[in-house]
Amino acid sequence: MTDTTDPVLDVRDYSLAYQVGKRRIEVLKEINFSIARGEVLGLVGESGSGKSSMASAIMRALAQNAVENAGAIRLGTTDLRAQTEAAMSSIRGRRISMVFQDPATSLNPTLRLGEQLAEVLVRHQGLSWSQAWTEGTARLAHVGLKTPAQMMERMPHEVSGGEKQRVVIATAFACNPELIIFDEPTTALDVITARQILDLFGELQAATGVASLYISHDLALLSQTADRVAVLEKGTIVEEGATAGLFRNPQHPYTRALIDAVPDPAHRLVQPLAQTEAQPLVKVREVSVNYGRRSLIDKVFGREGKGVVGNRAITLDIRPGEVLGIVGESGSGKSTLARAMTGLNRFEGLIEFDGRPVRGLADMDRDYRRDVQIIFQHPDASLNPRQRISEILGRPIRLYGGTDGGDGTSARARITQMLERVRLPASYIDRYPHQLSGGEKQRIAIARAFLSNPRLVICDEITSALDVSVQASVIELLMELQRQSGAAYIFITHDINLVRQIAHRIAVMYRGDLVEVAETATITDPARADYTRALLGAVTAPASTHLR
Amino acid sequence: QTTPERGGTLRVALDQAISVIHPLLTRVNPEYLATELLYSNLTRLTTKMEVEPDLATAWQSNDELTVWTFTLREGLKFHDGAPCTSEDVVATFEAILNPDVASSARNNVGPIEKIEAVDPVTLRFTLTEPYADLPAALAFNSARIIPASVARGDLNSLRSTANGTGPFKLVSYEPDRLMVVERNPDFYDPARPYLDRIELHVFPDLGAQTSSLLSGDIDLVATIGPNHYMRLDGQQGVNVLRAASGQFCNVNFGTDLPPFNDVRLRKALALTVDREAMVDFMTEGFGTKGNDTPINESYPFFAPVTQRERDIEAAKALLAEAGYPNGIEVELIASDRPALRSQLAVALKDMAKEAGITINVVTMPHATYLDQVWTKGSFYVGFYNMQPTPDAIFKLLFTSDAAWNETRWNNPKFDDLVKRARATTAVDERTKLYTEAQALMTEEVPSIIPAFFDVLGAKRDWVDGYEIHPRGSVYRLDFAWLTAASPTRKG
Amino acid sequence: MSASYILKRIALVFYTLFVVSVLVFGITQILPADAAVMMLGENATTEALDALRNQMGLNDPIWQQYLHWAGGVLQGDFGQSLRTGQPVGPALFSALGTSLTLAVFSLCFMLVIAVPIGVIAAVRRGKAADLVVGLISYIGVSLPEFVTATLAVALIADWWGILPPAGYIPLSEDFWGGLQRLVLPVLVVSVMMIAHVSRMVRSELVDVLHSDYIRAARLKGLRPRRVLLRHGLRNALLPTITIVALDVGYLLGGVIVVEEIFSIPGIGRALMTAIQARDLPVIQAGVMIMAATYSIVNFAADLMYAWLDKRIQYD
Amino acid sequence: MIDFLRRLLRTPQGLLGCLIVGLILIAVLAGRWLTPYGPEDMQSLARYKPPSLAHWLGTDQYGRDILSRLLEGARSTVLMALLATVIGTLGGAILGTGSAYLGGRADELIMRTVDAVMAIPSLLLALLVVSLLGSSSLNALLAIAIAFMPSMARIARAVALTVRKQEYVSAAIARGEGSGYIILREMLPNVIAPIVVEMTIRVSFAVMLFATLSFLGLGAQPPATDWGLMVSEARDFLHRSYWILLWPSAAIALTAIGFNLLGDGLRDALNPRT
Ligand SMILES: Nc1ncnc2c1ncn2[C@@H]1O[C@H](COP(=O)(O)OP(=O)(O)OP(=O)(O)O)[C@@H](O)[C@H]1O
Ligand SMILES: Nc1ncnc2c1ncn2[C@@H]1O[C@H](COP(=O)(O)OP(=O)(O)OP(=O)(O)O)[C@@H](O)[C@H]1O
Ligand SMILES: [Mg+2]
Ligand SMILES: [Mg+2]
């Protein structure tokens, strides 16, 4: 092997801008970094900071309107910027390869997995198709797939997300490249699968000694996978250094803010409940939800319909003022429960709210609806794009009347007041949703829920579409509102670190069943259910815990 | 002229489907052409509109013109080889006269009371009233002779099969695309027909028809309009054909209902018509002025009554007299086929405007027109082929007992004139009667007949022996032949 | 693709035919013309008409007439044409054959032209080639067939004199002559579809080319040809199958004008003639046959789509 | 609104489309007062005149001024097409949105029936309807409207279904809003935009369908100034006076292109991704 001090990738004084109309938007400014053989460089920064643009620049696959100002990108001794498209084409996949965020979209849905792997070998290694097929099968075995030969024959939709990502990784490693770029390769996967993929990455990285550029906005994750970390803020690398040092002693305020925004279970954001023995606010009793109905043909053939179980006999209490976290992998039925409780799904069973029994949609009267509010995941989709903020926030007031503040205040005044409470300028009242940022939209959605002075607020993954730092401020707002209003929360999330920070108790769901409900403090008990332990084990401990 | 050559296939273009080949039920020109090839009448019309023998070789009547005797050719054979005798003719006419058969010939073959077979080649017609024009009437397009077995048996079989005595035999028949016939070797005239085969191709689009003639795909276009005629005129290898005719488009009044039961109003409207311009608008000059009678120079007994000319002042005066000093608004209905009908309506609308007559033109599909307006309406556009004799056209349209009395005109004097003219063969007498009849029509104006059209057609120059017929519905293709210049085509 | 999906789809074909049959029967019942009058013509007597009406069952209650007619159709008996007096079935099926000949040639020609055009436009998006294709397709979808057909005849047949201007000869009768006569109509029919389909291919392909998996394929260093053809085009063409199948409706009935101008005795013209002549049995049967063809083609297209694109989960 | 117009005019299609459609609308609205001659005035001495200063686009077989007829015809042809499209779209949109809102068996039944009707080609359906009602411009209008309904219903339903799944609709339901408010205020404004795009493009179909019906003799009837009818009547004179055919054909094509362009422009302008 060559001298280890020679970097595999070297980026010098690199700048990039996008031409939009007459304006030129600078997205990367004077970037300098290098990656040595066997090294993992983590690139972190909030959304839009230019991480993916950097990756594209290295791959020489920039958007049409990209303008490169200056600087050099060198792979070994090759000046990538000087390569023709044809030359680049033979470098890609052979000397540099890339793993993308979502395996579901980065694989061609109509080609067999084997073909998508083997074609790289055919192209770059000069193998025949049959040789490539055999070699590909071996590669799949390498990435821990149990039945590689069958896997080769399957179509993408026939395998799970984790398996897909393994195939993508196998493809990236297929030609033993010098450099691999990972652009958030685990974000689209559920926690447990993500953990397995990370472990696989670690193994392969160690075994092959490839240089890696690992892009992520998850600082906790980088603290474990990267040797060194570069922090990107608005196109500028504000700080770079060995992982341990950087986390222990961040120099730049932006780095510090990023680290602080990472949820830390040890840092509780919620006060303990005053009296835990009070009557529950809500009693959920044996609530089941089934999706789908039997079709006519199923009836004719006397078959059971292919219904999907959303929830299976869920029983659960929520105390007044309590924050109940619900966690569980994707599809485990968390949203289904939330939708059933807000009258968006038919259900069987009983929900008792403050002593009033609710057995179905018909029982959900105006009072119930006022008392139980829901906030959704996607800020873009939960506000009607054709209504102004004034109309969006005016509705609850018109529907539920004056339950808030002095009765003399006009609706508009109350909206302005509410905007203040969610820390938005009063001038936003006449805007349309698309004129707001994601975080701001989510604040409007929160304001809408709190206008009716609810007693239970259901938050369905309300932060997962937001950036880390924005996420932190939204959580802070929620907690503050909770303190002020004393409302109880059902807080649905994937982020176990976050839920441990803010919940009194945590409910764990798995494939429609409620696995268990535990006090937050005791969630890490070894005596917990297997699934709960697997879930917790998959979570990357936040950087701060083991570095501070 | 050179002597005709035998052989070859002639391709003829038609602008309408041959919906029916049932020879007693044909109603439009392409169907007449099809049955003319396959069947024969007792008599037929020459291109000079004279009656000549077809199956019958000779005929004579008693002095009262009420009993007519016809002699058939000897040895006539149907296509299937069976002999054709007077018995077949008798059966045919019985079928034609049977109201259930609903033959359009029923009202057009004359006042036949009874027909008998005297011997295998002799027939006797007994009429209900004297009728001088019987031989011409028997040439009517849907009075073709069919076998007695069919006439008394399954008449419906004639819709898809044909067994006639005509110059050609049926080979294949697809109503909307193509009919093919081949020479009948047993035709009564051993010299004719000259052609081995005729294909009748249906071209619903007039432009396509003309283009196909130009490209040589088609040898003969049965009928074309003035514009296509002008396009073809002078083109290399193409001959245009033209015959003056008594074909016309008219505007019918319902003379039994207000407002058009007032002759002053009818006359006022007739006075607004610029007949010169009408000939231009409707025929591009390929026609002649009309004088509100159905008879023109092409007919015998035409009487040049004073030509009515446009006179807006007179029209206005008549209009005021009739009680419409401020003008009148009326609805004129035209069917959409052929386009000539609406052309007439549109032009009339413009001409009548000046006299204060506002005409709203309503064009409707032909089927609806036939169903709802024809013979029932009070102001609508008609369209007629030339008929063989003045009597035929009067009896078809204008006498009170006319088969299609579109105007419901009921004028005893006119009826009497026509009746008397039927009962004599004396030319002087008939001339006098028909002149009076025409003058009466011009005076009473049951219908405005502003212009007559020439019959137009076209052919490739390698088609010889074909002459266009003024009647518009007679073709005589058994006289046509192909010269050596014609392209050889596989049969 | 499960058996129950196929069953459901077949049931749908029958439901379609049922709805169409009721619809068309209803329409033809209220058409302003009496079938008996149409059949006997203007010379018929009242008695003859009455007799015929009774014989044709026109005096029965309407549902009985429907059942009678539907029963006949199920046994393949479509009744008799009022205009020609001949059985409707054979005439219409031969017309359908003619139309299908035209349709198949047009489809093939259209695909041969439209797909490459669409691909070129998508690949050179925003460049001159794209603009030219865009312009052509705008003009293509904006010219009614009677204009294109008139122009085609005037220019190609009359002026250059290189093709027969009209007429139809079954290919079985005279292959070469029949083929020559198909060229112009196929051209005219294809113009609009080429415009439509090439636009479709372009926009699908542009979408596909923007997808992550195409980017991934490029970044694997694959040759551009392979990326375009194997990864891109295949996925872009899948939705085209459905679109093309939907166009079969247009190909059968929407080309009435073309059949009219070029004197092609297809089912569209048969229907047009029937409508003009109020030939009710032909209208009924024609619409049924057309709807059946359309449903079957779309059924086949759905099956093909499902077979080609195994992602789709039908229930 | 201003912002939207700016977006629309920024796309080349939008700009061109607006220009063409604007011109045509001027002809529709003011055509009657712009005509130099009466559209039905015949001059037997000025028949078949090629374009000249006196008659910019020439005269036709009756000596009528073609420009005047085109301007007059804009009203009949374009207005009718617009009306037909609007009626067809409204009908289809109500059917489709209603079906999507009802859901379940009713939805299934409605949509399957709509699918079934779509098995009849729209030209044929229009022909049947016209022959049922009689041929006139007004009936052609109805026929086209009816022929458009099934496919419009399908589109409207698809859009309504996606809108219904949006979280803001869920939020409204969870809030306890009445279905009237949900359909009218939450769903409809979001359903309408894509339908307006589709509708604009359909105007061009309608213009052509209208012309085709007239061509087949089942639409407007002489002496109407309908463009399709003008083309149909002019075909006989193509070889003699090509301009009689040329101008109305061009008018039809231009209108169709204009609305097509405008529709595509609207789509781009409404698309949040561009
Ligand atoms: N083709 C382009 N034209 C104009 N602006 C662009 C283009 N591509 C990206 N941008 C802008 O450049 C900035 C950097 O984008 P980039 O995708 O590199 O961010 P990122 O750090 O990868 O974000 P994320 O974490 O959301 O993936 C963003 O503000 C983005 O809006
Ligand atoms: N409308 C629906 N029709 C049929 N099945 C559904 C429907 N909505 C959800 N499901 C199914 O019900 C199950 C539970 O879904 P749910 O949305 O409650 O999961 P979740 O825990 O919220 O997942 P995620 O974390 O991805 O939001 C899943 O298998 C899902 O596919
Ligand atoms: Mg990115
Ligand atoms: Mg969820």
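Residue numbering restarts at 1 for every chain, and letters A, B, ... go by the order of the sequence lines. What you see below is based on every heavy atom in this structure, not just the backbone, and it leaves out hydrogens, waters and symmetry mates.
Looking at B:Arg152 and B:Glu94, a side-chain N of the basic residue comes within less than 4.0 Å of a carboxylate O on the acidic one, giving a salt bridge. With salt bridges taken as basic N to acidic carboxylate O contacts below 4.0 Å, one links B:Arg177 and C:Glu173. Ionic pairing of C:Arg181 and C:Asp174 is not present here: no N-O contact between side-chain nitrogen and carboxylate oxygen is shorter than 4.0 angstrom.
The aromatic ring centroids of C:Trp69 and C:Phe25 lie less than 6.0 Å from each other.
Donor-acceptor pairing under 3.5 Å is recorded for the side chains of C:Asp279 and C:Ser81.
If you measure heavy-atom distances from B:Pro204 to chain C, the contacts under 4.5 Å come from both the backbone and the side chain. Neither the backbone nor the side chain of C:Phe262 comes within contact range of chain B; no heavy atoms are under 4.5 Å apart.
Considering only heavy-atom pairs separated by less than 4.5 Å from chain C, the leading option among B:Ser215, B:Ser211, B:Ala208 is B:Ser211. Per-residue heavy-atom pair counts under 4.5 Å with chain B were compared for C:Ala270, C:Pro170, C:Ala149, and the maximum is reached by C:Pro170. Chosen from C:Ala154, C:Ser263, C:Ser94, the residue pairing most often with chain B at heavy-atom distances under 4.5 Å is C:Ser263.
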